[in-house]
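These notes are about the structure you will find just below.
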Amino acid sequence: MCGILGYSSRKELDKFTFDTALGLLKHRGPDGFKTNHFSTPHCNVYLGHTRLSIIDIQGGTQPMPSCNEDSWITFNGEIYNYLEIRNEFKNRYNFRTKNSDTESILAAYSVQGKDSLKMLDGMFALGIYNKKTSKIMIARDRFGVKPLYYSKFNNTFIFSSEIKSIIAVSNDLGVIDEESISSFWMFSHIPAPFTAYKNINKVCPGQWLEYDLKTGNLESGFYYKFKRDNKITDYEEAECAFTNALGNTLEKYSRSDVGMTSLLSGGVDSSLLTLELSSKNKISSAFHSLCSEEDTEDARALSKFTNLNLIEEKRISSYSLDDIVEELSLLDEPLGDASLFPSCLIASSIKSSGFKVAFSGDGLDELGMGYSLFQDWNFSKQQQNSILGQLLLIFQKINIPRLKAKASRFKKADDLKLHYYNTRHFNKNYSLFSSHESLKKAYRGVVNSDLDLMNYICEDLTKYYLPNEILYKTDYASMKHSVEYRIPFLSNEITDILSSIDSNILLRKKGKSVAKSLLRKSCSHVNPFRVKKGFISNYDYIFKKDNEALLFISKSLSNCPYINNDTMNSLENIYEIGQVSGKTMWRVLIFSIWWNNFSS
């Protein structure tokens, strides 16, 4: 993992400014710091890199030139099939390094150009300066595991792993986009290609952009777009394909020159990963954040079964406002994900234990249809015109909490896709905090698709929720503490298989059927059908502990023009009477921390 920064302009940039901006990415790569400056008749080009050394520790220094020095790359991520790529191009490219995954990108690019992006299996955000064509190409991995931001203005092009470095290069870019802030209150994140700033954009997952230094033109396209095709309709075939894909993936994803560990929440995804990695002798420990009693019991049972050292992060049970402020101090834009803070704590524990690499089970809930909402909406689809469906509508009006809660699984609507879209994405407390028109257009891409309901929900969560919230959280928490998180369930082979399995097969056994079957066969110590509680924050703890958090919010947002003043003036009262939940208050606190850092 690393931090990257690139700048191109007809105006020369002083080295101190560029180095200072790159220095803001030091947490992403504490092991190396290097810049290169190229002066051409058309403009000046700067490339910078901060390195977290994982593979080819001695030879992988960046920015790195191609063998003929026609191209230079600055790259953040890991390419797990780099050995296969090196072998494929060994007769067409003169490799200089012994084992660098970075140079495998240069080799493929030198032969295939932009098409080479299709063969990269891993997570990446990269920039390649091609001296021959006088163009800079930037690109992001298929699902957006690694972040990448850019800005284009006045014949100037800047890209970086984090927004703060772009603003450090050009302070004029730090102008808030009110519409994007509105989208945060609604979605709990700001969807790509938008950011919290007017003239700074996110590169979308699977997207490339190419900037022409001579003309100042910026072209863009996609080398990958996620799409389900439901080709595999036999359960045994699906299970076999997934099992083989997982084995192949872990063989590649385990390539490392440093020690590795695993996150173990106690749920299906992390348990399956940890079990498989342990059986291959790739790890000897796992990290668990104390959460629900059931999750912790399952994590302990699995670690005992695999003879792994389970390291438990206990700080989540008792923390202070100062702890939260410190962990979220590097946020470039607000993110309301409830598990952001505990994710930072567990990454801190991994770092302090001496590890640079940890495996994460992210991605399977979205692509494998594992969330309970898949079951609820599938149930609604099946019961739309049934007698049971009509009874459930009646039960929803009866004031018996348990009965009402169970009946609420059923959703009656003429258009279930549109009903899902409206209820899934839009926070009911939205109008309390912002009256600005939201960025609904960012999410409308799949609403009008001809997909059936389950495939529609899968594509919606994979294209929008996964990169903009889950993976942003994962990258922030891990990079805050200079730790690389590897996400095998988002490998090319596994995602291709999961996107090909018929939704009716994936939805068996309450979702993620093929993963649950494999886990059950491999280990009887974990119940794959129990619903994981997850290591999320106790929303109300920090607000009921004392008034410190409420006072912090009030002080931080007293002069913020992007939030409803009436709500802020009565925030404590509407929280106490239950008009806003602890979850919403947590979102307000995160926004306060971000705004406090931005405006200071």
Side-chain angles (χ1 to χ4, degrees), residues 1 30-31 52-55 57 78 80 123 246-247 249-317 327 339 341-364 473-475 477-491 515 518-519 522-528 532-535:
M1 287 301 102
D31 300 332
L52 181 65
S53 304
I54 304 293
I55 292 176
I57 294 173
E78 297 288 357
Y80 302 110
M123 51 184 177
L246 181 60
T249 291
L250 291 183
E251 198 60 43
K252 294 175 185 175
Y253 274 55
S254 298
R255 293 166 177 169
S256 173
D257 293 334
V258 300
M260 301 179 292
T261 186
S262 181
L263 297 173
L264 179 57
S265 66
V268 171
D269 313 346
S270 63
S271 295
L272 179 58
L273 271 187
T274 302
L275 183 67
E276 293 296 311
L277 289 164
S278 175
S279 69
K280 299 176 186 296
N281 297 314
K282 303 296 184 180
I283 59 171
S284 59
S285 65
F287 283 77
H288 174 74
S289 179
L290 292 181
C291 41
S292 73
E293 187 175 334
E294 298 96 326
D295 289 350
T296 298
E297 284 180 0
D298 276 358
R300 289 171 177 170
L302 184 68
S303 64
K304 186 175 181 180
F305 174 74
T306 54
N307 200 29
L308 289 174
N309 176 30
L310 185 66
I311 302 167
E312 298 179 352
E313 168 54 60
K314 301 178 180 179
R315 286 175 290 174
I316 192 59
S317 59
E327 289 298 340
S339 61
F341 173 61
S343 295
C344 289
L345 293 182
I346 202 164
S348 171
S349 291
I350 292 170
K351 170 72 178 296
S352 62
S353 298
F355 290 99
K356 284 186 175 182
V357 176
F359 287 88
S360 165
D362 284 334
L364 189 56
K473 170 201 69 180
T474 299
D475 177 81
S478 60
M479 289 289 91
K480 172 71 166 59
H481 296 285
S482 309
V483 176
E484 174 180 291
Y485 279 4
R486 298 186 171 187
I487 308 180
F489 291 128
L490 294 182
S491 75
L518 182 56
L519 179 60
S522 304
C523 178
S524 61
H525 291 66
V526 177
N527 178 10
K532 186 185 78 171
K533 301 293 175 59
F535 59 94

Just wondering, do [Y] and [X] contact through their side chains at under 4.5 Å, heavy atoms?
| X | Y | answer |
| --- | --- | --- |
| Y253 | V357 | no |
| R300 | L310 | yes |
| L273 | L250 | yes |
| M479 | Y485 | no |

Is any side-chain N of the basic residue among E78 and R255 closer than 4.0 Å to the acidic one's carboxylate O?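 R255 and E78: not salt-bridged.
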
If you compare all heavy atoms of [X] against all heavy atoms of [Y], which two are closest, and at what distance to 0.1 Å?
| X | Y | value |
| --- | --- | --- |
| V258 | S53 | CG1-O, 3.9 Å |
| E484 | L52 | N-CD2, 4.1 Å |
| S256 | I55 | CA-CG1, 4.2 Å |
| C344 | A477 | N-CB, 3.7 Å |
| I350 | A358 | CD1-CB, 3.9 Å |
| L277 | S254 | CD2-OG, 3.7 Å |

Between [atom1] of [X] and [atom2] of [Y], what distance do you get to the nearest 0.5 Å?
| X | Y | atom1 | atom2 | result |
| --- | --- | --- | --- | --- |
| L345 | S339 | CG | OG | 11.5 Å |
| E313 | L263 | CD | CG | 11.5 Å |
| E251 | L246 | CD | CG | 11.5 Å |
| I54 | M260 | CD1 | CE | 10.0 Å |
| I283 | F359 | CD1 | CZ | 7.5 Å |
| L308 | H288 | CG | NE2 | 14.0 Å |

Would you confirm whether [X], through its side chain, and [Y], through its main-chain N or O, come within 3.5 Å as a donor-acceptor pair?
| X | Y | result |
| --- | --- | --- |
| T261 | S285 | yes |
| T274 | S271 | no |
| S270 | S265 | yes |

Please work out whether the ring planes of F355 and F287 are parallel, tilted or perpendicular, with thresholds of 30° and 60°.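 Answer is perpendicular, since the angle exceeds 60°.
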
Criterion side chain to side chain contact (heavy atoms under 4.5 Å, CB included) on L302 and L275, from CA distance to verdict: CA-CA 8 Å; L302 184 68; L275 183 67; 4.0 Å; yes

